[in-house]
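Below: the structure, in structure tokens.
Below, read A as the first sequence line, B as the second, and so on, with proteins coming before strands; counting in each chain starts at 1. Everything quoted here is computed from the prediction, not taken from an experiment.
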Protein chains: 2
Amino acid sequence: MRPNKRDELVRKALDVFYRNGFHATGMDMLVVETGVSKTSMYKHFRTKEDLILAALRLRDENFRNFLYRRIEEIADTPVGRLLALYDVLAEWFSKKEFRGCMFIKASAEYQEKEHPIHVQSAEHKRLLLEHFTKIARAAGAREPETLANQLMLLKEGAIVTAVMGLGNDPAQKAKLAAEVLIAQGVG
Amino acid sequence: MRPNKRDELVRKALDVFYRNGFHATGMDMLVVETGVSKTSMYKHFRTKEDLILAALRLRDENFRNFLYRRIEEIADTPVGRLLALYDVLAEWFSKKEFRGCMFIKASAEYQEKEHPIHVQSAEHKRLLLEHFTKIARAAGAREPETLANQLMLLKEGAIVTAVMGLGNDPAQKAKLAAEVLIAQGVG
DNA sequence: GTGTATATGTACCGATCTGTACATCTTGTC
DNA sequence: GACAAGATGTACAGATCGGTACATATACAC
């Protein structure tokens with residue numbers, strides 16, 4: 001029961017859940033995909049729900065790391081970073097493995113507001129909102145919370161629209177809208 | 001096999017799918033909820049997928065009727081109607097049965113872009129986009145498609161945010177943002 | 001009444017679901 | 001080598017999945 005074995009299971013499970021959905025992915029499938037035995041799987045994770053939660057935790061870590069890092073690489077002013085969000089979104093959308101936001105999908109399959117999976121999905125979004133609120137404040141926004149909230153609306157909308165295959169380049173349209181909102185809300 | 005019997009089944013199934021999700025709702029549960037026998041159910045709908053598609057068609061009809069009608073009741077100028085979208089959203093969010101957008105959830109559970117359920121969900125969004133593009137054009141927008149697209153991004157974002165229980169009054173924040181975008185994009 | 005066509009209820013199919021019992025294999029210690 | 005402890009594989013339990021076979025009930029012809 002080396003710890004990295006567990007991490008590897010989570011990593012692989014994350015992939016399968018992301019591609020295939022949560023209810024649609026059975027433990028049998030995960031056992032086949034990971035090559036581990038069912039007993040071992042249940043040694044590491046008491047239930048399927050535990051495994052999903054672990055996968056979501058990893059996804060949260062990976063995604064926020066990716067997003068924050070790329071934003072910092074692209075721009076070094078607060079306003080620039082608010083806008084860079086949409087450049088990174090465009091990068092993400094164009095990846096061949098892009099399948100939408102894992103947390104939107106998780107909360108869609110586990111709808112009860114008190115459900116641990118729903119709660120954890122919301123927490124991911126809350127962390128993002130917090131992060132962009134800080135940047136909006138650094139940018140000198142009159143109402144950083146409101147501006148960050150609105151930029152997040154554009155982000156979530158762009159993701160959903162990209163998944164549905166609607167509109168041309170939703171990330172770019174979101175960026176154009178963000179430019180207007182930022183110009184209006186800063187200074 | 002009266003036609004209204006079938007309609008009633010679709011109506012009830014729509015409720016259950018909306019509350020409970022698609023994979024998580026079994027045909028057995030639907031048979032119990034509707035009171036009809038399994039044989040009759042499968043006389044009306046060849047497969048579960050057919051039933052889901054019928055439910056989505058009804059949802060599309062109901063939702064767009066509700067949305068368009070309320071918008072026309074609230075405002076009678078194009079710009080007013082673009083903004084009224086967010087008032088209706090706020091109404092929807094405050095309903096106790098609000099559980100997010102059925103089409104976002106459907107496309108989250110049936111991810112393959114060619115899957116009939118995914119295709120039909122995207123079609124709903126496409127119809128909305130078309131509708132608001134027309135209104136944006138009537139409002140005198142310089143780029144009606146772009147403006148409608150952006151207003152839709154705010155709408156989808158607001159829905160997702162409301163489902164997650166994040167931010168205060170996402171519909172109102174979306175409306176404020178919409179006002180800025182419209183002011184900037186019209187005339 | 002009899003015959004026929006359709007609607008329904010029940011009981012079931014094989015597959016798959018999450019989760020477990022239990023026997024075997026591997027590993028470290030002496 | 002012997003032995004204990006933990007990891008693993010297999011086989012299965014009990015429930016539920018989507019879907020169907022089949023026997024009965026009901027309706028309308030005549």
Taking side chain to side chain donor-acceptor pair (under 3.5 Å) as the definition, give me every residue that meets it alongside [X], ordered by chain and number, with sequence neighbours left out.
{"X": "B:Glu61", "result": "none"}
{"X": "A:Gln172", "result": "none"}
{"X": "B:His115", "result": "none"}
{"X": "B:Thr133", "result": "none"}

With respect to the phosphate group of C:dT8, does any side-chain polar atom (N or O) of B:Ser37 fall under 4.0 Å of OP1 or OP2? no

Counting just side-chain N and O atoms, does A:Ser40 come under 4.0 Å of either OP1 or OP2 of D:dT8? yes

Net bend of the helix from C:dG1-D:dC30 to C:dC30-D:dG1, end axes of five pairs each, nearest 10 degrees: 10°

Any side chain to side chain donor-acceptor pair (under 3.5 Å) pairs touching residues 28-40 of chain B, not counting sequence neighbours? B:Asp28-B:Lys38, B:Ser37-B:Ser40

Atom [atom1] of [X] to atom [atom2] of [N]: distance rounded to whole Å?
{"X": "B:Met41", "N": "C:dA7", "atom1": "CE", "atom2": "P", "answer": "16 Å"}
{"X": "B:Lys43", "N": "D:dG19", "atom1": "NZ", "atom2": "P", "answer": "15 Å"}
{"X": "B:Lys5", "N": "C:dT8", "atom1": "NZ", "atom2": "C1'", "answer": "10 Å"}

What's the verdict on salt bridge (Lys or Arg N to Asp or Glu O under 4.0 Å) for A:Arg64 and A:Asp60, showing C-alpha distance, side-chain angles and the deciding distance? CA-CA 6 Å; A:Arg64 285 192 298 117; A:Asp60 171 58; 2.8 Å; yes

Partner set under ring pair (Phe, Tyr, Trp, His ring centres under 6.0 Å) for B:Phe17, not counting sequence neighbours: B:Phe22

What pairs with B:His131 under ring pair (Phe, Tyr, Trp, His ring centres under 6.0 Å), at least two apart in sequence or on another chain? B:Tyr68

Quick tally for nucleotides 12-26 of chain C: nucleotides whose base has a protein heavy atom under 4.0 Å get B, sugar-phosphate-only ones S, the rest -, giving -----SBBBB-----

